[in-house]
Amino acid sequence: MPRTDEAEAFFHAVYSAIQEIPPGKVTSYGHIAKLVGTPQRPRQVGVCLKHLPDSPTFTHHNGNVPWQRVINSKGIISPRGHQSGAANQAQVLRAEEVTVSTGSLGELMVDFSIYGWFPKQLPSEEAAGLTAFSDGEEEDA
DNA sequence: ATATTGACTGACC
DNA sequence: AGGTCAGCCAATA
């Protein structure tokens, strides 16, 4: 649990934002950071999830916060230094019909098409007509 | 109390 | 296209 009130507020904001990610979709740490008004702290978002309680006695816990729907900006499940936790996350995502493929290096990739928001743009920016990475560089479908 | 780590990311080589 | 670096800051050591 957070040690300061300031951190407490941040944790709460992050968990609440994550709860808004619809089932079957994912987003990035960076995007959550933007949503809570601290775009320069995607890392702290990771810290929040790292310390997400298991016990339902907490307001936010792994039973009501869809932690599995947060991946990194590269579109892959963060390996967090090692693979065990990431593999579990992939399993939980697959359980909610999210396609996760394994790359040649063992990376667990999530299809960008199910991003609730693109990693580099907020919904408002998307509405402005940005094309993100659909610029026409596809070589395969 | 000081130092290191790390569920991140974008900017630069 | 792929590695490195500098910010970030709570949690650990």
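To find a chain, count down the sequence lines: A is the first, B the second, and so on, and within it residues start at 1. If you're wondering where the values come from, they're calculated on a predicted model, not measured in any experiment.
Leu52(A) has its CG atom 18 Å from the P atom of dA10(C), to the nearest Å. Regarding Tyr29(A), its OH atom lies at a distance of 11 Å from the C1' atom of dG6(B), rounded to whole Å. Rounded to whole angstrom, the span from the CG atom of Leu108(A) across to the C1' atom of dA7(B) amounts to 13 Å. The distance from atom CZ of Phe11(A) to atom P of dA7(B) is 14 Å, rounded to the nearest whole Å. Between Ile76(A) atom CD1 and dC8(B) atom C1' there is a gap of 12 Å when expressed in whole angstrom units. In this structure, Ile71(A) atom CD1 and dT9(B) atom C1' are separated by 14 Å, rounded to whole Å. Going from atom CG of Asn72(A) over to atom P of dG6(B) covers 16 Å, rounded to whole Å. Atom P of nucleotide dT9(B) and atom CZ of Arg43(A) are separated by 10 Å, given to the nearest angstrom.
Here dA7(B) is the nucleotide among dA7(B), dA11(C), dC8(C) with the atom lying nearest to any side-chain atom of Gln89(A). The listed nucleotides are dA10(C), dG7(C), dA7(B); the one nearest the side chain of Gln44(A) is dA10(C). In this structure, of dG6(B), dT9(B), dC9(C), it is dC9(C) that holds the atom nearest to the side chain of Arg41(A).
In this structure, the side chain of Glu107(A) engages the main chain of Leu105(A) through a donor-acceptor pair within 3.5 Å. Checked by atom type and distance alone, the side chain of Asn64(A) pairs as donor or acceptor with a backbone atom of Thr59(A) at under 3.5 Å. Counting only distance, with no hydrogens or angles, the side chain of Gln89(A) and the backbone of Gln68(A) share a donor-acceptor pair below 3.5 Å.
The side chain of Thr38(A) places no N or O atom within less than 4.0 Å of a non-bridging phosphate oxygen (OP1 or OP2) of dC8(C). In terms of phosphate contacts, Thr4(A) brings no side-chain nitrogen or oxygen within less than 4.0 Å of OP1 or OP2 of dA10(C). For Ser73(A), a side-chain nitrogen or oxygen approaches OP1 or OP2 of dT9(B) to under 4.0 Å. Distances shown here put a side-chain N or O of His51(A) below 4.0 Å from the OP1 or OP2 atom of dT12(C).
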Could you go over nucleotides 2-5 of chain C and give all protein N or O partners under 3.5 Å, atom names and distances?
none

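Closest-nucleotide positions on DNA chain C for Pro42(A) and Glu6(A) were compared, and the one nearer the 5' end corresponds to Pro42(A). Comparing Gln40(A) and Lys50(A) by the nucleotide of DNA chain C whose heavy atom lies nearest to each, the residue mapping closer to the 5' end is Gln40(A).
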* Dot-bracket for DNA chain B, 5' to 3', with Watson-Crick and G-U pairs under 3.5 Å, [ ] for crossing pairs and | for other-strand pairs: what is it? -> .|||||.||||||
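At a threshold of 4.5 Å between side-chain heavy atoms, the hydrophobic network of Ile, Leu, Val, Met, Phe, Trp and Tyr places Ile21(A) and Ile76(A) in two separate groups. Linking Ile, Leu, Val, Met, Phe, Trp and Tyr residues whenever their side-chain heavy atoms come within less than 4.5 Å leaves Met109(A) and Val70(A) in two separate clusters.
The shortest distance between side-chain heavy atoms of Ile18(A) and Leu49(A) falls below 4.5 Å. Put simply, the side chain of Val14(A) does not reach to within 4.5 Å of the side chain of Val47(A), judged on heavy atoms.
Applying the 6.0 Å contact sphere to CD of Glu96(A) captures more than 12 heavy atoms from other residues, nucleotides or ligands.
Ring pair His60(A)/His12(A) is perpendicular by interplanar angle, where above 60° counts as perpendicular and below 30° as parallel.
For Arg80(A) and dG6(B), a side-chain-to-base donor-acceptor distance below 3.5 Å is absent, hydrogens and geometry of angles not being considered.
Distance check: Thr27(A) OG1 to Glu20(A) CD gives 11.0 Å after rounding to the nearest 0.5 Å.
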